[in-house]
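Every chain is numbered from 1 and lettered A, B, ... according to where its sequence line falls, protein lines coming before strand lines. Just so it is clear, the structure is predicted and the values come from calculations on it, not from any experiment.
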Amino acid sequence: MATEFHNLQELRQSPSLATKVFIQRDYSEGTVCRFQIKFPSELGSRIERTLFEDTVKTLNTYYAEAEKVGGQSYMEGCLACATAYFIFFCMETRYEKVLKKISGYIQEQNEKIYAPRGLLLTDPVERGMRVIEVSVFEDRGSSGSSPSSNVSSGISQR
Amino acid sequence: MLQLGVAEPMRECEYSQISTRSSTPMETPYKKRTPKKRKWQAFPGRNKFYCNGRIMMARQTGVFYLTLVLILITSGLFFTFDCPFLSVQLTPAIPVIGGVLFVFVLGTLFRTSFSDPGVLPRATPDEAADLERQIDVANGSSSGYRPPPRTKEVVINGQTVKLKYCFTCKIFRPPRASHCSLCDNCVERFDHHCPWVGNCVGKRNYRFFYMFILSLSFLTIFIFAFVITHVILRSHRQGFLNALKDTPASVLEVVVCFFSVWSIVGLSGFHTYLISSNQTTNEDIKGSWSSKRGKDNYNPYSHGNIFTNCCAALCGPLPPSLIDRRGFVQSDTPQPTPPTNGITMYGSTQSQSHMCVQDQCIQSTKFVLQAAATPLMQSEPVILTDEASLPGRTSLGGPCSGALPLGGQPTPPTSTPNLSCDNGMLPTRNDHSEAHHHFLTPEEAPSPPGMLPCGSPLGHSHTIQGFYNPASQDSLHEDSVRGLVKLSSV
């Protein structure tokens with residue numbers, strides 16, 4: 001009982017997960033990886049529309065770059081075929097390299113823009129590239145809370 | 001979670017958990033150190049994993065071993081008995097080329113069989129709940145006993161494409177994806193399930209599959225041609241029968257190659273056509289983009305010309321696997337919809353009274369049986385009201401009511417999940433797959449014996465959710481009877 005009470009106090013002071021908003025895929029251009037740029041209403045009060053849309057647009061650009069069928073992907077494909085695909089044991093594909101860039105970008109966005117606003121983006125690759133999951137934390141906002149404690153308290157969705 | 005005793009360690013844990021850098025899973029001090037599980041060990045589909053998650057295959061691998069044995073034996077006999085003669089009499093290039101083809105065939109076969117075909121991971125409970133909410137909002141209140149089928153329409157390059165909702169994986173399938181009932185997974189750009197390679201053929205391994213059948217065609221024709229050459233050259237010297245007596249292995253090789261050539265070369269030709277028109281076997285069999293369906297029906301995925309289609313399919317970028325087989329299961333992260341009993345929780349806001357899917361189904365089953373057999377007891381409606389009013393109601397109702405349309409409108413699996421490379425197997429497999437899938441959909445609920453009863457009380461509990469006041473015993477009784485009638489018709 002005492003433990004429970006103590007924990008509730010903790011919860012009151014630290015942000016806890018309020019809801020999750022999911023940005024779905026946009027299939028209007030086929031099966032390429034693209035997310036809808038529509039701004040969800042649940043985030044209306046938490047973040048500026050332009051910031052959010054910029055993030056999604058940048059992500060879409062990265063994915064388009066990863067899936068581009070062009071000179072470099074042909075080279076990679078032909079080389080792989082010529083080696084009976086054994087080269088995949090040694091080499092990282094272009095797609096994987098871009099995914100690493102994306103995860104670095106999302107981390108940076110989280111640190112600079114989303115965490116201070118009590119939001120957290122989850123890398124779509126952890127959700128099967130189906131959705132961009134935005135975790136919305138309740139604004140418990142004790143006056144002494146600094147952005148870093150907002151970042152560090154709460155539940156990671158990884 | 002809520003059981004954490006001391007403030008400071010909890011804060012420590014929370015700080016680490018929210019860290020925006022990916023880190024090793026945090027274990028709170030009070031927790032017993034349980035051995036970490038890899039994600040493949042908790043994988044919900046019906047796949048087999050080897051080498052600690054590095055290799056992924058379908059459950060039935062018998063035919064794959066047959067394929068392997070046939071290739072190894074035929075090639076082995078060729079290199080042992082025919083190549084020595086031919087390399088001396090003709091050119092040593094023959095065993096070299098044969099060797100290269102053989103290595104290529106095996107390499108592509110293993111790539112096709114052992115890699116992830118493009119399996120879509122199942123939705124996390126939060127995603128599933130969110131989708132359920134969106135669907136409910138879109139459809140309004142459930143009209144009658146049967147909710148409308150769950151489809152979404154999207155316009156791709158001017159063509160309207162229907163996206164179907166997968167009840168097992170709890171997602172709207174992306175275009176060209178399909179659910180394989182043998183492997184129980186949704187696979188991106190699903191082509192077919194091939195028992196000869198012991199795996200599904202989808203987005204990630206289609207090019208390997210194509211290169212496998214293409215190289216195998218060349219190898220088969222190569223061996224066939226040179227074994228015949230060998231026998232002919234020998235016959236010139238010794239006569240036909242003596243030649244056959246000297247090289248009995250050649251007879252076996254000729255027989256195997258003769259029968260293989262027709263099927264494999266035919267299959268290569270078929271897939272060459274599919275690649276050049278950027279279609280999947282699935283789409284071709286169903287005639288999705290056939291002009292017979294309509295004047296304006298065309299394939300929205302085609303790039304317009306054969307060369308670009310081929311290049312895109314064979315030399316396009318290779319997306320990495322989405323299922324992270326060798327990653328570790330985070331004990332505090334939401335797991336995707338489990339196939340069996342599983343209590344899903346996340347964060348500290350989830351109530352501990354969150355019932356698992358199986359418990360709810362079992363309760364519903366009990367209710368139906370009781371209602372049908374005896375007059376309803378007064379306590380029963382109270383229990384159900386409690387169920388309905390639990391937090392996260394929609395997610396509770398989700399998995400069960402998700403299976404509801406099974407009785408009404410089952411989402412039929414595509415016919416080709418069971419299409420083997422042998423087209424002859426298609427008709428019987430179709431029926432089997434329909435029936436198989438019919439009972440599979442509420443799989444997230446109890447084990448098979450429980451599945452059938454689950455079909456009807458699910459509808460029942462769904463109706464209960466519709467009105468929070470399960471008012472009269474009569475209406476409940478009527479619903480249960482209706483449920484049982486549905487049960488008997490399934």
Side-chain angles (χ1 to χ4, degrees), chain A residues 3-4 6-7 9-11 14 16-18 20-22 24-31 33 66-69 73-78 80-81 83-86 88 93-96 99 103 107 110-111 115 120 125-131 133 138 149-158, chain B residues 2-5 7 10-11 14-23 103-104 107-108 111 120-124 126-127 130-131 154-157 161 163 171-172 174-176 188-189 207-208 211 300-301 308 311-312 314-320 322-324 330 332-334 346-349:
Chain A
T3 311
E4 209 186 326
H6 188 61
N7 289 331
Q9 271 187 330
E10 293 293 343
L11 280 177
S14 57
S16 57
L17 189 65
K20 288 187 187 181
V21 180
F22 297 96
Q24 300 286 342
R25 282 271 292 269
D26 172 14
Y27 293 115
S28 59
E29 287 176 22
T31 51
C33 186
E67 298 192 359
K68 196 167 74 114
V69 184
S73 74
Y74 286 157
M75 283 274 297
E76 202 178 67
C78 290
C81 183
T83 60
Y85 303 103
F86 283 104
F88 285 144
T93 64
R94 194 161 134 257
Y95 209 114
E96 282 164 351
L99 283 182
S103 103
Q107 203 166 294
N110 272 334
E111 280 169 5
L120 194 72
V125 87
E126 294 180 24
R127 296 288 179 263
M129 308 281 259
R130 288 186 302 267
V131 287
E133 185 179 296
E138 280 175 26
S149 71
N150 270 345
V151 167
S152 48
S153 51
I155 311 295
S156 164
Q157 292 310 309
R158 288 184 195 268
Chain B
L2 291 172
Q3 279 76 30
L4 296 175
M10 188 176 108
R11 225 180 250 293
E14 288 198 326
Y15 285 159
S16 306
Q17 282 174 336
I18 195 58
S19 166
T20 51
R21 298 188 197 291
S22 59
S23 55
V103 167
F104 201 85
T108 46
R111 276 270 165 199
L120 286 168
R122 297 190 185 186
T124 56
D126 304 317
E127 279 178 68
D130 187 68
L131 273 179
V154 71
V155 179
I156 300 175
N157 290 335
V161 174
L163 303 185
I171 56 170
F172 275 98
R176 314 190 93 177
E188 275 189 287
R189 201 190 180 279
R207 71 191 67 191
F208 307 137
M211 296 314 300
Y301 310 109
T308 319
C311 287
L314 301 175
C315 300
L318 185 68
L322 294 173
I323 55 177
D324 187 26
Q330 310 271 352
D332 55 349
T333 47
Y346 63 86
S348 52
T349 53

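In this structure, no portion of A/A80 lies under 4.5 Å from any heavy atom of chain B. Using a 4.5 Å cut-off between heavy atoms, A/T93 touches chain B through its side chain atoms alone. The parts of B/F104 that come within reach of chain A are both its backbone and its side chain, each placing non-hydrogen atoms under 4.5 angstrom from that chain. Residue A/C33 does not touch chain B at all, counting heavy-atom pairs closer than 4.5 Å. Interface remark: A/R130 contributes side-chain atoms only to the contact with chain B (heavy atom separation under 4.5 Å). For chain A, the nearby part of B/V155 is the backbone; its heavy atoms alone come within less than 4.5 Å.
We find the NZ-OG1 distance between A/K20 and B/T124 to be 6.0 Å, quoted to the nearest 0.5 Å. Rounding to the nearest 0.5 angstrom, the gap separating the CD1 atom in B/I171 from the CZ atom in A/R25 is 10.5 Å. Atom-to-atom distance recorded for B/C315:SG and A/M75:CE is 11.0 Å, nearest 0.5 angstrom. With rounding to the nearest 0.5 Å, the separation of CD1 in B/I156 from CD in A/E29 is 10.5 Å. Atoms CZ and CG, from A/F22 and B/L131 in turn, are 8.0 Å apart once rounded to the nearest 0.5 Å.
Counting all heavy atoms, side chain and backbone alike, B/G107 lies closest to A/F86 at CA-CZ, 4.3 Å. Closest of all the heavy-atom pairs between B/P317 and A/V69 is CD-CG2, 4.0 Å. Contact detail for A/Y27 and B/L163: the closest heavy-atom pair is CD1-CD1, 3.6 Å. The minimum heavy-atom distance linking B/P320 with A/Y95 is given by the pair CD-CD2, 3.3 Å.
The residue among B/P300, B/C311, B/A312 with the most heavy atom pairs within less than 4.5 Å of chain A is B/C311. Counting heavy-atom pairs under 4.5 Å between each of A/G77, A/C78, A/A84, A/A66 and chain B puts A/A84 at the top.
For A/Y85, there are no side-chain hydrogen bond (donor to acceptor under 3.5 Å, both in side chains) partners two or more places apart in sequence or in a different chain. Residues that satisfy the side chain to side chain contact (heavy atoms under 4.5 Å, CB included) test with B/L318, not counting sequence neighbours, are A/F88, B/R207, B/F208.
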